[in-house]
Amino acid sequence: MTNEQKKYVYSFTEGDGKARQLLGGKGANLCEMTQIGLNVPPGYTITTEACLSYLENDNTYPDGLMQEVREQMIALEKLTGKGFGDAHNPLLVSVRSGSAMSMPGMMDTILNLGMNSDTLQGEIEQTGDERFAYDAYRRFIQLFGKVALGIDDEYFDEPFEAIKKREGVKEDVGLSTDNLKEIATLFLEVVHAQTGRAFPEDPYEQLDLAIKAVLGSWSGKRAVDYRREFNITPDQANGTAVNICTMVFGNRGDDCATGVAFTRNPGTGENVFYGEYLVNAQGEDVVAGIRTPKPIAQMADEMPDLYRQLEELRSKLENHYSEIQDFEFTIEKGILYCLQTRNGKMNTQAMVRTSVELVEEGLITKDQALMRIAPESLEQMLFPRLDPNANVSALATGLPASPGAACGHVVFDADRAVALKKTSDKPLILLREETKPEDIHGFFVSEAILTSRGGKTSHAAVVARGMGKPCVAGADGIEVDVMARRAHIGEVVIKEGDIITLDGTSGNVYLGAVATVEAEFSDELKTLLSWADERAQLKVMANADIPEDAERALKYGAMGIGLCRTERMFNAADRLPIVLEMIVSDTLEQRQDALDKLLPIQRQDFIELFSTMSPRPVTVRLLDPPIHEFLPSENQLIDDLVQLKHLKDTMRGSEVLTATLSLLSGQNGTMTSIQQLADSSLVDEAIEKKEAILKKVRALFEVNPMLGHRGVRLGITFPEIYAMQIRAVLEAACECQKAGIEVHPEIMIPQVCTSEELRNIKVHVENIRLAVEEEQGIAPVFKFGSMMEVVRACMRAEQLAEEAEFFSFGTNDLTQATFSFSREDAENKFLPMYNEAGILQDNPFEVLDANGVGKIMELAVNWGRGVKPGMKIGICGEHGGHPASIGFCHSIGLTYVSCSGPRVPIARLAAAQAALQETA
Ligand code: ADP
Ligand code: MG
Ligand code: MG
């Protein structure tokens, strides 16, 4: 070994606990725990650099690696007083993978390495426990056979289950020493038959094969798929480390145990010790769901002294890491060992609760609490729950392993789930006896997971929690028959495709679809978001068109309404006929008539909105879409007319009448009954109305309606429409003010290109203001502003700022205009390919294009504020609820973002994080 040779191996006493990239998360934490004095069995870690070098060089070790490994083995022998391969006092180790990012169950661990026919005797000699030694032996042969030699599990499971059946035992612990001997012999034969050679006896050869298997697993299909699905990039985790750790045994009798625990409940975040253990078992048994483990609290009775030690370990871990820990432990002959720790994966509800409580306990700061949660994940808290009034009784009950309620069609295996998802979009629930890492693709396409075996820390539970999907585990009343695509629950048979509902919060499973209700805000979330608001510089508004939306937005903590689309108010069933009347009118008088009917309706809408939101601002956008959007399509009208004429010409059988009822009572607003229809003059009238609408539809035809007669263009050519809306806003403001309700309405003009357009509308605003003020005897409070969704408007921001008191970027239209993409065509035709080819990183309609669209926004902000310092400038539209886009909005100094109500909490947190990241 030369001096420059790279170091590839670190003992747990020397590795840097912070070096997660180099040592992997598991390795780094094993080092850290060792160095802070926790009882970790001695061992060492082979670095991820060794892994990368191995994979890059055609699966050959880097120079010196095995030399280092041998030195470490010798050191371990010294430390433990045992010998690797020693026939009297053998040293056994585990070989464990572990990369910088936790990838639960994605790569396999080999236990009891070093066992062979000699060391087996040594193990018996040392422990005086023949049964234990054979148990360890048969486990090793199977795991090594599977992981290092690539033999399918079923070759081992079959003879194993056969013997269990023959002996009439349910659990492994029921097997006798002779049974285990027989099994070991059978397993050795399996290896011989499957590999064509005898089981490797030389411990160093075993070690070599095991290390290679772990290193190779990094580029295996399972791991590659997992990284792709979770977007794990090389800068997050590159290569796996290999941890070699002295074996400790939880399966040496009733003073031995093994378990997995969380320092707090990862489902709720409650500060209670949470976990499971099995007496007389090896670690993997808990995770694999082979036996259903006991809740950790039971240990307080069963092994009180050890339980106290475990509690101590719990608090040491949490205090050291200032974070909820998920850890593995084993008790061998009354001695507690810690085998792994990592930050606990929790659902968002638990993340939020622990964030707040860790601050209250002084373990972290408020800022740390805010940075701890991914804004996007808050969506999980808006998970539906089962309707508490749904009076249903559970068909089966299991462990509440990951909260939330879901309803879907049962599917019994992952491949089938993926196949079904390809042909239909129906929600699926994956029902399995237990899940394994190779089922992962089934998780992705399912709404929820249900298993009949395993505990809260089983594979299914851990993975479902990570994905935020509901999971019920260990519902042992369910008997799954995968081959027949059926399950039995008592008398009930569930076939593939049958609908069930499960509640991961209670663990209940129901037959059929059970109603669900929206989630409520927890107090902790309110607290956390109030801290977010203290930190954030951006205000978060909601898009809301009707009072119900506004009320919901308030619940989500909206600081106002950033976009009220008045056209949505027109769409209600009682209004559309009047809107139609307005559109088809040929004269100003006719149009004014219709508008006069709309005015009180709009005014009432605004009064409700303003008072709901008082004293917060409400930005009202005047009519934006091309008016033909309110009309039926030309084809629809032609069809209707054909049918009406047919009706007129034929006998009026009641069938025909019923079929045409809807045509007549539709958008022309005529209320019809069968009797009335008998009167042919009504049919004539209907035909006349439809023809008038058809004529209008043809007259309004535009080649490119989104770039056509809409927004402010409409407001200028039909001033009476905007006049009605402006009047409705101002009258509503006056009425509220008179009632002592503080209001801040803002009138916002869409599609503006030039300052002249704004000036034109402003003249009307001014006239109406004067009139309203005189009529009402009170001056309405309001602001006047412009949408910024046209490139030219942004380029002329200085001139627009002279007229407008505020700007609001409409980034959907601005993105279309900047790219010259129409959204639908882009998303349906070429964007996916652009993304795949890396021509565009993201969909610019989802993630704001900071470099292009964002550049234009930045210019407009600076120009606008050059004229009006501190001018209120915001963004409305989908980007306003996207965390990365919010970060950008913060960086160019916007005043607010406005997004849909349910995204408001996400935006509040994202806004706080943007501010914190800047100061960091
Ligand atoms: P995973 O990443 O899948 O959790 P681990 O490497 O942690 O894999 O190991 C799988 C199981 O084996 C765990 O329950 C762990 O506690 C147990 N285990 C690993 N190494 C040892 C050891 N040296 N002694 C006893 N149990 C071990
Ligand atoms: Mg583990
Ligand atoms: Mg727009």
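Start at 1 and go down the list; that is how both ligands and their atoms are numbered.
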Residues two or more places apart in sequence or in another chain: which of them pass side-chain contact (heavy atoms from CB on, under 4.5 Å) with Gln121? Ile124, Tyr134
Classify the angle between the aromatic ring planes of Tyr307 and Phe273 as parallel (below 30°), tilted (30 to 60°) or perpendicular (above 60°). tilted
Under 4.0 Å to a heavy atom of Ser94 - the qualifying atoms of ligand 1, by number: 19 (C), 20 (N), 21 (C), 22 (C), 23 (N)
In terms of atom number and element, which parts of ligand 1 are under 4.0 angstrom from non-hydrogen atoms of Thr246? 22 (C), 23 (N)
Leaving waters out, which protein N, O or S atoms fall under 2.8 Å from the Mg ion (ligand 2)? Glu328 OE2, Gln340 OE1
Within this structure, what is the CE-CZ distance for the pair Met346 and Phe262, rounded to the nearest 0.5 Å? 8.0 Å
Go through ligand 1 atom by atom and flag the ones less than 4.0 Å from a non-hydrogen atom of Cys245. 23 (N)
Report yes if the side chains of Leu358 and Arg264 come closer than 4.5 Å at any heavy-atom pair, otherwise no. yes
If you apply the rule salt bridge (charged side-chain N to carboxylate O under 4.0 Å, His left out), what do you find for Glu312 with Lys316, and how did you get there? CA-CA 6 Å; Glu312 201 179 307; Lys316 275 188 186 158; 3.5 Å; yes
Record the part of Leu111 in heavy-atom contact with ligand 1 below 4.0 Å; permitted values are side chain, backbone, both and neither. side chain
Tabulate below the donor-acceptor pairs under 3.5 Å that side-chain atoms of residues 147-154 make, not counting sequence neighbours, or state none.
residue	atom	partner	partner atom	Å
Asp153	OD1	Gln142	NE2	3.2
Asp153	OD2	Lys146	NZ	3.3

Pairs in or reaching into residues 19-45: which pass salt bridge (charged side-chain N to carboxylate O under 4.0 Å, His left out), with residues at least two apart or in two chains? Lys18-Glu32
Please classify the Glu328 to ligand 1 contact at 4.0 Å (heavy-atom distances, strictly less than): side chain, backbone, both or neither. side chain
Between Thr263 and Glu318, do the side chains contain a donor N or O and an acceptor N or O under 3.5 Å apart? yes
Does the separation of the ring centres of Phe444 and Phe230 fall below 6.0 angstrom? yes
For Val248, which part has a heavy atom under 4.0 Å from ligand 1: side chain, backbone, both, or neither? both
Enumerated ligand 1 atoms positioned under 4.0 Å from heavy atoms of Gln340: 4 (O), 7 (O)
Could you tell me whether some N/O pair between Arg342 and ligand 1 is separated by less than 3.5 angstrom? no
Over 60° means perpendicular and under 30° means parallel, so classify the ring planes of Phe144 and Phe199, tilted if in between. perpendicular
Where's the contact between Lys26 and ligand 1, heavy-atom distance under 4.0 Å: side chain, backbone, both or neither? side chain
